[in-house]
Each structure stands twice: as structure tokens, then as C-alpha cells.
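A short write-up of the structure that comes next.
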2 protein chains.
Amino acid sequence: MDAAKTTRINDLLTTVYNDILRVEERELKKSRFKDISIKEVHAIDAITMYEHKTTSQVARQLKITPGTLTTMVNHLVRKGYVVRLRSDDDRRFVRLGLTRRGRLIFRAHESFHRHMIQSFLQDMDDDQVQLIEKALLNLQAFLEYPETRTDK
Amino acid sequence: MDAAKTTRINDLLTTVYNDILRVEERELKKSRFKDISIKEVHAIDAITMYEHKTTSQVARQLKITPGTLTTMVNHLVRKGYVVRLRSDDDRRFVRLGLTRRGRLIFRAHESFHRHMIQSFLQDMDDDQVQLIEKALLNLQAFLEYPETRTDK
DNA sequence: ATCAAATAGTTTCATCATCAAAATAATAGC
DNA sequence: GCTATTATTTTGATGATGAAACTATTTGAT
């Protein structure tokens with residue numbers, strides 16, 4: 001593999017990587033939702049508009065401990081984005097839902113991502129998108145199945 | 001733009017995005033460098049083996065405040081990865097350097113990234129790499145020059 | 001039916017990363 | 001020689017996080 005090329009792609013990937021969260025955070029501060037952090041937005045995103053997941057389901061998805069999610073949910077409830085719903089069938093479970101305001105954030109975040117991906121894939125045909133997808137799958141495999149790494 | 005495709009790429013990008021730091025952190029904990037966090041590795045990476053940058057240069061590069069870098073450098077000095085060198089020409093400046101141990105981390109991190117990019121670009125020819133680069137440049141433009149966004 | 005074990009969530013306590021603003025040290029410009 | 005500027009550090013606060021102890025509820029075995 002050509003070293004200069006690898007370096008160029010690495011630098012680009014690194015820059016983009018670091019920018020994503022920073023830009024999301026900055027956009028938030030400019031929006032009408034100034035009382036919320038990007039991590040909290042991601043929690044809202046995981047809670048979703050579409051079903052009422054339990055606390056541990058959401059924690060697992062976000063790959064944080066249930067304790068951490070509990071405190072995030074406390075904040076989000078206090079700020080009026082999230083509601084806790086007790087399950088009636090099994091009262092140990094807490095199900096999470098979004099308020100109207102929470103759903104607004106959910107959709108705004110969704111829209112940001114949609115626009116981001118549209119820029120990413122700008123002017124590409126199906127084959128080209130397919131190639132991008134393959135590259136991302138390669139990367140995913142590298143990250144998730146380290147035992148398959150041939151080098152290292 | 002095809003919505004299903006956009007969603008697929010978005011989900012992949014999100015997964016990969018979230019995995020990178022987690023995997024880097026996990027690899028560290030398995031390595032002989034257990035007393036260091038991934039943020040500290042990135043500071044070491046920014047300090048570099050090759051020159052002696054000042055505290056503010058490094059802080060600017062990492063996009064953190066000088067105060068934050070000062071505390072990180074305190075930790076890294078205490079743990080034996082970094083040295084502070086006072087400039088002789090202008091004694092206000094603090095120049096940063098790596099110890100032998102710091103350089104080991106620097107190279108290990110560099111190597112991780114190289115392998116990651118090699119997986120990412122696995123089996124691709126020059127044209128294909130070029131396409132990936134273009135996609136990343138699109139994304140970078142989206143993130144860094146929001147005023148050029150046509151939609152939103 | 002009872003009680004021990006398992007399960008879901010919360011609380012507590014500690015740590016890390018971070019910033020803003022005040023403080024300190026050194027230099028530059030008049 | 002002061003005063004303003006610059007580089008760094010200190011201080012005080014906050015948010016995100018995990019581990020482990022704790023509470024509430026349910027399940028399962030007897």
C-alpha cells in the first residue's frame with residue numbers, strides 16, 4: 001500500500017472524525033436547543049420516537065452502563081425532553097419515551113445526519129456508493145473482529 | 001438520493017464512528033500502556049516525535065484550551081511520557097517533547113492507524129481510493145464550510 | 001406459599017476531560 | 001522604566017463515565 005496515499009486518507013479521516021462531534025455541538029448551540037449536549041442528543045436518538053425501549057436496552061445500544069443512562073435520563077426528564085413510563089406487566093422495567101420537544105430534537109438530528117450523508121455521497125452513482133459501503137464494512141470488520149486482522 | 005441507501009451508509013458510518021475510540025481504548029488496556037487514556041495518546045500524537053512544539057500550538061491543534069492541555073501534560077509528565085522544555089530565546093514558551101516511552105506510544109498509535117487505513121482501503125485500486133478521498137473531502141467541506149450547504 | 005436467586009434500575013463515589021476566568025511570568029513597545 | 005501583550009498555569013466549576021452497593025420486583029424451586 002502506497003504510504004503517501006495511506007497518510008492522506010488517514011489525515012482526512014482523522015480531521016473529519018474530530019469535526020463531526022464538534023460541528024454537531026456547535027449547530028446545537030446555535031439552534032433553539034441550547035440546554036442540551038450532543039451526548040444527550042444521541043441518547044434521545046437511541047430512545048427514538050417509535051417505541052418505548054427499556055433503560056437497559058437503550059444503555060446497551062449506547063454502550064454505556066445503566067447507571068450512566070439513569071443520570072442522563074434524569075437530566076433529560078428535568079429539561080423536558082424525555083419521559084419515564086413504568087411498565088405495567090413487569091414493574092421492574094422503566095420504559096423511555098420522548099416528549100414533543102424530545103421528538104423535535106430527534107427529527108432535527110436525523111435531518112442533520114441525512115444532509116451529512118448526502119454531502120458525503122454527492123454525485124455518486126450506485127456502483128460508487130457500493131464501493132463506499134464496502135470500505136466502511138472493511139473498517140467495521142477491522143474494528144469489530146480484531147482476531148481476523150492479518151497484520152498487527 | 002435513495003433513502004434506504006442513505007440510511008444504510010449512515011448506520012455504518014455511525015457504528016464505525018462509535019467503534020473507533022472504543023477499540024483504541026480497548027487495545028490500550030490490553031497493551032503494556034495501561035496507565036494512559038486515548039485522549040492522552042492523542043495528545044502524545046499531536047506533540048510528535050519530530051519537533052518541539054509549544055503548549056499553545058499543540059492545544060490549538062487538538063482544539064482544546066491551553067488550560068486543559070496544561071493539566072494533560074502534567075499527567076503525562078508525571079507518568080513519564082512527556083517532557084517540558086523551556087525555550088531559551090523566549091522564556092514564556094514551554095516546548096513539549098516525548099520521552100523514550102512517549103515515542104513508543106507514538107509509534108504504536110501510528111501503526112494502529114496505518115493498519116486501520118489498510119483495512120479500510122483493502123483491495124482497492126488507485127481510482128477507487130481516489131473516490132474514497134473525494135467522499136471524505138465532500139464530508140469535510142460539509143462540516144467545515146456550513147455556509148456552502150445548499151440544503152438545510 | 002415461601003424464600004433465595006435473578007433481574008432492572010438507581011444511588012453513591014470516584015475519576016477524567018473540559019472550559020472560563022483569574023493569576024503569574026516574561027517580553028515588547030513606547 | 002512602565003504598560004500592554006503574550007504564554008502558560010491555576011482555580012473552580014461542570015458533564016460524562018464506570019464500578020459497586022443498594023432497592024424493588026419477579027421468578028423458580030421446593
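Chain identifiers are assigned alphabetically (A, B, ...) following the order of the sequence lines, protein sequences preceding nucleic acid strands; residue numbering begins at 1 within each chain.
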Any idea which of [options] is nearest the [X] side chain?
X: B/Met72; options: D/dA16, C/dT10, C/dT18; result: C/dT18
X: A/Phe93; options: D/dG18, C/dA26, C/dA8; result: C/dA8
X: B/Arg92; options: C/dA25, D/dT9, D/dT26; result: C/dA25

Practice task
Indicate whether OP1 or OP2 belonging to D/dT25 is found under 4.0 Å from a side-chain N or O atom of A/Arg91.
Solution key: yes

Problem - Within residues 40-47 of chain B, residues whose heavy atoms come under 4.0 Å of DNA chain D - result: none

Problem - B/Arg86, CZ atom: more than 12 neighbouring heavy atoms under 6.0 Å - result: yes

Name the nucleic acid region contacted by [X], choosing base, sugar-phosphate or nothing; use a 4.0 angstrom heavy-atom cut-off, strictly under.
X: B/Ser37; answer: sugar-phosphate
X: A/Thr70; answer: base
X: A/Arg86; answer: nothing

Exercise for the section: Go through the steps to decide whether B/Thr54 and B/Arg95 satisfy the test side-chain hydrogen bond (donor to acceptor under 3.5 Å, both in side chains), and finish with yes or no. Expected result: CA-CA 4 Å; B/Thr54 69; B/Arg95 296 189 171 274; 5.8 Å; no

Exercise for the section: Please confirm whether B/Tyr81 and B/Phe106 have ring centers closer than 6.0 angstrom. Expected result: no

Problem - Aromatic ring proximity, centroids under 6.0 angstrom, A/Tyr17 and B/Tyr17 - result: yes

Handout entry: Rounded distance (Å) that lies between atom P of D/dG18 and atom CG of B/Leu21
Key = 13 Å

Problem - Sidechain N-carboxylate O distance under 4.0 Å for A/Asp11, A/Arg8 - result: no

Exercise for the section: Sequence neighbours left out, what passes side chain to side chain contact (heavy atoms under 4.5 Å, CB included) with B/Thr71? Give chain and number order. Expected result: none

